[in-house]
Amino acid sequence: MRIEPKNAALGATIHDIDLSQPLDESRFRAIEQALGRYGVLSFPSQTWTTAQQRAFAQRFGQLEINVANTSQDNEFPDVMILSNMVEKGRPLGLNDAGQDWHTDMSYSRTIAFSNVLYGIRIPMRDGQPLGNTEFCNMHAAYTDLPQALKDELDGMTITHDFNKFWEKMRSQPGSRRAPLTEEQRRRKPPVSHPVFLRHPITGRKVLYANPGYSVRINELPEARSEEVLAFLFEHQLQDKYRYQHRWTEGDVLMWDNMGTIHNAVADYRPDEPRYIRRCQVMADRYFPELY
Ligand code: SIN
């Protein structure tokens, strides 16, 4: 297995590994370390069944069944389909997943460790891939914060709410999303997490805020909370922290949800098919070390 860094804010390509084969302990550890260090890992030219994808992802933690309960794989409810494809009038997957900056599952008591995506159909136009996935580096975003703000926010917490992002996506023209039911809201109530987390792999602090789900810095007066959140959202999206994964069919893409935030670029049309299988790995293995 060979790790090729992207020479960018984030990202590495992992060569010479067949992910359809069971992962031995030394490779598992090497991938885990690389994920902490580079934030986003791509494994090109993979061939995966859904069961093989689940087996790989489950090495890193439990898989989450999304509370919205839409767009699940027919056989495995903990596998989600991201797709704009429609067959016989039936959507094959969620067609607008992640189309703004966010961190998966910051709205959950047990947060996400990683996402494991497998690119099966990638839209292309004029020889270029569409629907790329962008990331920002939250280790670097923390490091660069003004010291006075680090001191002010140290020990404070942020409330994250699943409904914030859901409603934002619902307000987009043509959205197929229904409002969350009372039951769905009850199962995912807003939760609080520290503004700064100590990353369980790197041991370094990261900024754990994101425009998608973060709604309030709990220990600050409301006006100051809004001012600081607006600053953090702008700060964390600077170009110097960004990396964009350009998809190729057969790519496995895995990212660290504590050390990055991400955005699925919505630059393709309904007649340009995209089909990606997604597993959401929770941080249950790492959680005790987080706080
Ligand atoms: C997501 O998990 O946020 C979606 C990523 C993508 O479709 O590129």
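Everything numeric here is computed off the predicted structure, so don't read it as measured data. Order of appearance sets the numbers: ligands from 1, and atoms from 1 within every ligand.
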With a 4.0 Å cut-off on heavy atoms, is H102 in contact with ligand 1?
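Yes; H102 lies near enough to ligand 1 that a heavy-atom distance drops under 4.0 Å.
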Would you call I276 a ligand 1 contact, heavy-atom distance under 4.0 Å?
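Not so, I276 does not reach ligand 1.
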Hey, are the side chains of [X] and [Y] touching, using non-hydrogen atoms and a 4.5 Å cut-off?
X	Y	result
D154	V195	no
F135	Y241	no
L153	L232	yes

Would you mind checking if E25 and R29 are paired as a salt bridge, meaning a charged N to carboxylate O distance below 4.0 Å?
yes
Can E182 and R185 be counted as an ion pair, charged N to O under 4.0 angstrom?
no
Run the numbers for me: atoms of ligand 1, each under 4.0 Å from some heavy atom of N115, listed by number.
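Contacts of ligand 1 toward N115, numbered from 1: 2 (O).
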Going by the atom numbers of ligand 1, which of them fall below 4.0 Å from some non-hydrogen atom of L82?
4 (C), 7 (O)
Closest approach of any protein heavy atom to atom 1 (C) of ligand 1, naming residue and atom
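For atom 1 (C) of ligand 1, the nearest protein heavy atom comes out as H262 NE2, 3.6 Å.
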Nearest neighbour in protein (non-hydrogen) for atom 8 (O) of ligand 1
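The closest one turns out to be T133 OG1, 2.6 Å.
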Say whether, by atom type as modelled, one donor and one acceptor occur between the side chain of N84 and the main chain of E272 under 3.5 angstrom.
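Side chain of N84 to backbone of E272, a donor-acceptor pair under 3.5 Å: yes, one is there.
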Regarding atom 2 (O) of ligand 1: of the candidates R278, Q99, R274, which has the closest heavy atom?
R278
Would you mind finding which of G98, A264, S83 brings a heavy atom closest to atom 5 (C) of ligand 1?
A264
Are more than 12 heavy atoms, taken from residues, nucleotides or ligands other than K168, located less than 6.0 Å from that residue's NZ atom?
no
With respect to W247, determine whether any N or O atom, backbone or side chain, lies less than 3.5 Å from an N or O atom of ligand 1.
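Between W247 and ligand 1 (N or O atoms, distance only) the closest approach is not under 3.5 Å.
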